[in-house]
Q: 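Quick one: the structure is below, questions incoming.
Counting convention: from 1, in listed order, for ligands and their atoms alike. Bear in mind that the values here come from a model prediction, so they are computed numbers and not experimental data.
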Amino acid sequence: MRSPIPDYLADVVDRCRSDHSGRLADYIPPLAEVEPDVTALALSTVDGTVYAVGDADLEFTIQSISKPFVYALALAEHGIDAVLGRVGVEPSGEAFNELSLESGSARPYNPMINAGALTIHALIGGPELDEETRFARVLAALGRFAGRDLEVDEAIYEAEVTTAHRNHAIAYMLRNHDIITDDPRSVVRGYVRQCAVRVTVRDLALMAATLAHGGVHPVTGEQVVSRAVARHVLSVMATCGMYDAAGDWLSSIGIPAKSGVSGGIIGALPGQTGVASFSPRLDDHGHSVRGVTMFRQLSRDMGMHLMEVPAPARSMVAGSDGDAWRYELQGSINFVGMERVLRTFDEDPPVHDRIVIDLTRVHEIRKVGRRMLHEAIRRLVLDGREVEVHDPDGLLAEPGTIEVGRDPDRREPVRIEVTD
Ligand code: GLN
């Protein structure tokens with residue numbers, strides 16, 4: 001069977017081809033000269049299958065879509081708290097190139113607008129690092145997210161840097177408040193170069209999928225940034241990625257996203273997919289008109305909204321198994337799944353004193369699930385039950401005797417058997 005997914009995606013592209021509304025960005029002169037009707041769409045699953053349709057081989061400059069990835073690099077280098085001290089995470093409700101700072105702290109509102117992105121660029125490698133080495137780090141990081149070496153479009157870089165008066169104004173404002181300490185012109189050059197990196201929708205879909213996959217590249221398998229950094233970046237994309245249209249985007253489309261002025265948009269749905277679109281005509285917020293239409297349709301057709309309520313997973317079946325009472329846990333054991341399990345232990349207690357907890361059909365135990373399971377087992381043992389855990393994948397522990405906590409009366413550890 002030929003997969004229907006590419007046909008579906010091609011249909012999404014074709015449906016918006018008759019829409020010629022919007023305008024090319026013209027403040028970067030070469031962007032006003034591109035073919036306005038090209039349109040491409042790519043979707044990458046978190047296990048590395050990429051579907052790319054339309055004008056998918058076209059390269060274009062990444063522009064503001066570089067911001068979340070360089071932000072991720074800064075977070076990885078300095079830690080989340082240190083970076084938060086320099087750039088906030090509040091939506092500004094303003095355009096991407098607004099000259100504004102948070103009153104009081106004088107921090108840029110968030111890393112998705114230019115004031116924040118210039119500050120983040122200057123954080124890479126610390127204030128002493130020379131321009132070339134800093135840029136080499138940025139380019140290498142973008143390449144790790146894409147899974148291939150990327151290059152700069154020198155013509156677009158030159159054109160933008162000679163007309164980057166507004167970004168210079170923002171950088172001097174940052175320098176004035178000591179938010180950056182480097183030469184503002186050097187920071188603008190580095191940031192504009194970062195925006196001029198060439199990508200395809202396929203690259204962008206994989207970059208987004210890396211964030212959606214907890215920082216692990218779906219194809220190369222490299223842990224590009226930690227799970228905590230990926231989660232933080234996705235949160236900031238959800239609230240700030242679409243600038244002054246972020247609220248409308250999150251409520252109607254519901255996918256953490258970032259757009260760029262050359263016509264790209266990425267969306268990353270945690271645990272599911274990375275999506276990227278390209279079409280150069282922009283709306284008044286600076287987002288690709290056809291890109292917004294395509295994302296709207298994908299979200300609707302594929303139930304991709306972040307706030308879509310998932311069907312409750314059945315987390316356990318219980319029953320008698322010889323002289324033991326057997327609990328078979330299923331799926332991903334998080335807080336909600338474990339809460340159901342604990343409630344069952346409490347309200348519908350095991351019929352036999354010997355209990356087998358079978359984890360064969362569990363594919364993941366979250367840290368909170370593990371803590372809750374340990375405590376539940378400890379209480380069952382203290383209630384006089386004999387507990388054995390059957391755990392062939394070693395999710396709770398490797399085979400052997402493990403300690404699940406202490407007996408406060410006898411002041412000794414509570415131990416149980418884990419088998420594979
Ligand atoms: N390089 C562009 C700028 O700084 C990026 C803006 C964007 O893509 N929204 O103006």
Q: Would you call the rings of Tyr71 and His232 parallel, tilted or perpendicular, where under 30° means parallel and over 60° means perpendicular?
A: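 Ring orientation, 0 to 90° scale: tilted.
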
Q: With a 3.5 Å cut-off and sequence neighbours excluded, list the donor-acceptor pairs that the side chains of residues 299-307 form with protein atoms.
A:
{"from": "Ser299", "atom 1": "OG", "to": "Ile253", "atom 2": "O", "distance (Å)": "2.8"}
{"from": "Asp301", "atom 1": "OD2", "to": "Tyr8", "atom 2": "OH", "distance (Å)": "2.7"}
{"from": "Asp301", "atom 1": "OD2", "to": "Gln297", "atom 2": "NE2", "distance (Å)": "3.1"}
{"from": "His305", "atom 1": "ND1", "to": "Met307", "atom 2": "N", "distance (Å)": "3.0"}
{"from": "His305", "atom 1": "NE2", "to": "Leu250", "atom 2": "O", "distance (Å)": "3.1"}
{"from": "His305", "atom 1": "NE2", "to": "Ser251", "atom 2": "O", "distance (Å)": "2.9"}

Q: Look at the rings of Trp249 and Phe295 and say which category their plane angle falls in: under 30° parallel, 30 to 60° tilted, over 60° perpendicular.
A: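 Judged by the thresholds at 30° and 60°, the geometry between Trp249 and Phe295 is tilted.
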
Q: Applying side chain to side chain donor-acceptor pair (under 3.5 Å), run through Thr200 and Glu59 and close with a yes or a no.
A: CA-CA 5 Å; Thr200 63; Glu59 288 199 328; over 6 Å; no

Q: What does the 4.0 Å heavy-atom contact list look like for ligand 1?
A: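 Ligand 1 pocket, heavy atoms under 4.0 Å: Tyr27, Gln63, Ser64, Phe96, Asn114, Glu160, Asn167, Tyr191, Cys195, Tyr243, Gly260, Val261.
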
Q: Does the pair Asp55/Arg17 count as a salt bridge with the N-to-O cut at 4.0 Å?
A: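 Looking at Arg17 together with Asp55, the answer is yes, because their closest N to O distance falls below 4.0 Å.
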
Q: Determine, for Glu375 against Arg379, whether the closest basic-nitrogen to carboxylate-oxygen distance falls under 4.0 angstrom.
A: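 Salt bridge flag = yes for Arg379 with Glu375.
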
